[in-house]
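Beneath this line is the structure, given in structure tokens, with notes to follow.
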Amino acid sequence: MDSLSGLALGFGNAFSLVNLAWALLGCFLGTAVGVLPGIGPALTIALLLPITFSVNATGAFILFCGVFYGAMYGGSTTSILLNTPGESGSIITALEGAKMARNGRAGPALATSAIGSFVAGTVGTLGIAFLGPVIVEWALVLGPAEYFTLMVLCFVTVSAVLGSSALRGLTSLFFGLLLGLVGIDLQTGQPRLTFGVPELLDGVNVVLVAVALFAVGEALYMAWHHHAGKQEVLEVGRLMLSKEDLKRSFWPWMRGAGLGFPFGVLPAGGTEMPTMLSYYAERKLVDPKYAPEFGTTGAIEGVAGPEAANNAAAAGILVPMLTLGIPTSATAAIMLSAFQSYGINPGPLLFTQQAELVWTLIASLFIANVMLVVLNLPLVGLWVRILKIPVPQLYAGILVFATIGTYGISNSVIDLVILYTLGVVAMFMRRFDFPVAPVVIGMILGPMAEQALRQALTISQGDWTVFVTRPGSAIILGLAVVALVGPKLYGAWSARRA
């Protein structure tokens, strides 16, 4: 099925009342959680995962993607009005957005942010629709050896490159791999790491781990580090872009979208790097007469570019998840666990075996983008009021929902014990700066990597050199080695030069 035929099928399904309702609910929830500092899409989707046991797959994924896109929009609101980024991708937005708000231009800052998010989200979704099938064709020629090395590359980049410490990232990854080993070995039929507990024979539920790490762990950590005090929310003012503001914002939107999408597609590309690069690009390319506004009164280009890059990168993250079954962020990892809850395996065959689901989802992303512009601009006053919810009540509510949702999955007390045990572990991981995303990625991709490794060795009759003699796997393995040791070697070389 080509992209245009797929989009026609998708829009035919996406415009049903039920799917439109799921998209609207996802956009509303996503914007709300994006506005609230510390509550991101990963935590929210983790809390919503139990609905996969009672809602059809199409509706659930439209809801999850609406939350994901909405959080990217909402994160800019706190960055601009509170100088407190709601999302990591909105950190750069705060540099100029907060200064614009302090100088009475919060309205134009919020407007350029919302419209830029719409432009970039649309560009990114077009990228998913037209780039996805191309990657699928390439992925179909990959064998078990290439898949195993591709997962090794994902492990290395997500664990060793993104965090503050490669050792901490790899430690988190191995903890996730360990959780993935729990249960019955599919080849030998022997129980592994079950410690005589019958409930562990089926393995640890990925939904449970995601809720524990992102919801319970985050709530406990915020309760531990909560400081009472009132935050000052700046006035929004007039939500209109003048002709001059529109002219100054247009090319930063285009450049940001073009820069952000490729970073989202790359393993460990994330949203932080493209937003930073977009910001520095706009500082260099800005009209000289507006250059003094950067860092002083706030330049609108410094909001438009990074926000567009942030949303385009968020769309790009969905490409490797849908086409290769490889999550490159915490949110993508949790969404991948939702696919597994439905017995669906994302990868090259997803576009043929689940064509209706995939194209309905992509079409719904276009609709969600339009909904988000409508929700963000006229209802900005509502999002500002959400910021007044007391933090203790907010996190207490998260713990209640996490507990009810987890118990509802299997009605097992053992699951609640695991939930809060892993939640406490996640709290200490946050305290000592261990990233939690590699745990979920290791747990999901670990069994898949193990299966690919066994298949590759079976085909090669136990010859381990298969990973370096096949050109594709050798190149991918080389990239993984460069990603692991490259930053260290570059740092040592820079220090020696200095």
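Given the structure is predicted, the values throughout are model-derived calculations rather than measurements.
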side-chain contact (heavy atoms from CB on, under 4.5 Å) assessment of Met371 paired with Leu20: CA-CA 10 Å; Met371 287 180 173; Leu20 286 173; 4.1 Å; yes
Checking side-chain contact (heavy atoms from CB on, under 4.5 Å) for the pair Phe118/Asn311: CA distance, chi angles, key distance, verdict? CA-CA 8 Å; Phe118 169 75; Asn311 281 265; over 6 Å; no
Output, in order, the C-alpha distance, side-chain angles, deciding distance and verdict of side-chain contact (heavy atoms from CB on, under 4.5 Å) for Thr44 and Leu47. CA-CA 5 Å; Thr44 310; Leu47 278 175; 5.7 Å; no
Let me see the working for Ile414 and Ile418 under side-chain contact (heavy atoms from CB on, under 4.5 Å), right down to the final yes or no. CA-CA 6 Å; Ile414 295 290; Ile418 295 171; 3.9 Å; yes
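The CH2 atom of Trp22 sits 12.0 Å away from the OG atom of Ser16 when rounded to the nearest 0.5 Å. Separation of atoms CG (Leu179) and CG (Leu208) is listed at 10.0 Å; rounding is to 0.5 Å. Of the inter-residue distances, the one linking Ile128 atom CD1 with Leu361 atom CG reads 8.0 Å to the nearest 0.5 angstrom. Note that CG of Leu357 and CZ of Phe351 are 10.0 Å apart. Values are rounded to the nearest 0.5 Å. Interatomic distance, CZ of Phe250 versus CD of Glu301, reported as 14.0 Å (0.5 Å rounding). To the nearest 0.5 angstrom, Ile80 atom CD1 is 11.0 Å from Glu96 atom CD.
No donor-acceptor pair closer than 3.5 Å links the side chain of Ser364 to the backbone N or O of Ala14. Between the side chain of Ser172 and the main chain of Phe434, no donor-acceptor pair closer than 3.5 Å is present. Panel note: side chain Ser278, backbone Pro274; no donor-acceptor pair is recorded below 3.5 Å. Without hydrogens or angle criteria, Thr149 side chain to Glu146 main chain gives a donor-acceptor distance under 3.5 Å. Listed for the Asn13 side chain is no donor-acceptor partner under 3.5 Å among the backbone atoms of Thr360. Checking side-chain atoms of Thr403 against main-chain N and O of Leu399 turns up a donor-acceptor pair under 3.5 Å. Put simply, the side chain of Ser337 gets close to the backbone of Ile334: a donor and an acceptor are under 3.5 Å apart.
Across Gly305 and Glu282, no two heavy atoms sit closer than the pair CA-CG, 4.4 Å. Of all non-hydrogen atoms in Val373 and Ala114, the two that sit nearest each other are CG2-O, 4.2 Å. Residues Ser117 and Asn369 come closest through the heavy atom pair O-OD1, 4.0 Å. Considering every non-hydrogen atom in both Val303 and Ala109, the closest pair reads CG1-O, 3.7 Å. Considering all non-hydrogen atoms of both residues, Gly316 and Pro320 come closest at O-CD, 3.2 Å. Counting all heavy atoms, side chain and backbone alike, Pro306 lies closest to Thr275 at O-CG2, 3.3 Å.
Residues Ser3 and Trp359 are in side-chain contact: their nearest non-hydrogen atoms beyond the backbone lie under 4.5 Å apart. Between Arg105 and Ile300 there is a side-chain heavy-atom pair separated by less than 4.5 Å. Side-chain contact between Leu422 and Val216: absent, with no pair of heavy atoms (C-beta onward) separated by less than 4.5 Å. With a 4.5 Å cut-off on side-chain heavy atoms, Leu177 and Leu181 do not count as touching. Within the 4.5 Å cutoff, the side chain of Phe261 has no heavy atoms near those of the Val123 side chain. Counting heavy atoms from C-beta outward, Asp245 and Thr112 have side chains that stay 4.5 Å or more apart.
Side-chain contact of Tyr147 with Gln451: a donor-acceptor pair under 3.5 Å is absent, judged by distance alone.
With sequence neighbours excluded, the residues forming a side chain to side chain contact (heavy atoms under 4.5 Å, CB included) with Ile135 are Leu131, Trp138, Val319, Thr323, Leu324, listed by chain and number.
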Review item, side-chain donor-acceptor pairs of residues 56-70, under 3.5 Å, at least two apart:
unit_1, atom_1, unit_2, atom_2, d
Asn56, OD1, Thr58, N, 3.1
Asn56, OD1, Gly59, N, 2.9
Tyr69, OH, Thr125, OG1, 3.0

Show me the side-chain donor-acceptor pairs of residues 435-443 shorter than 3.5 Å, one per line, residues at least two apart or across chains.
none

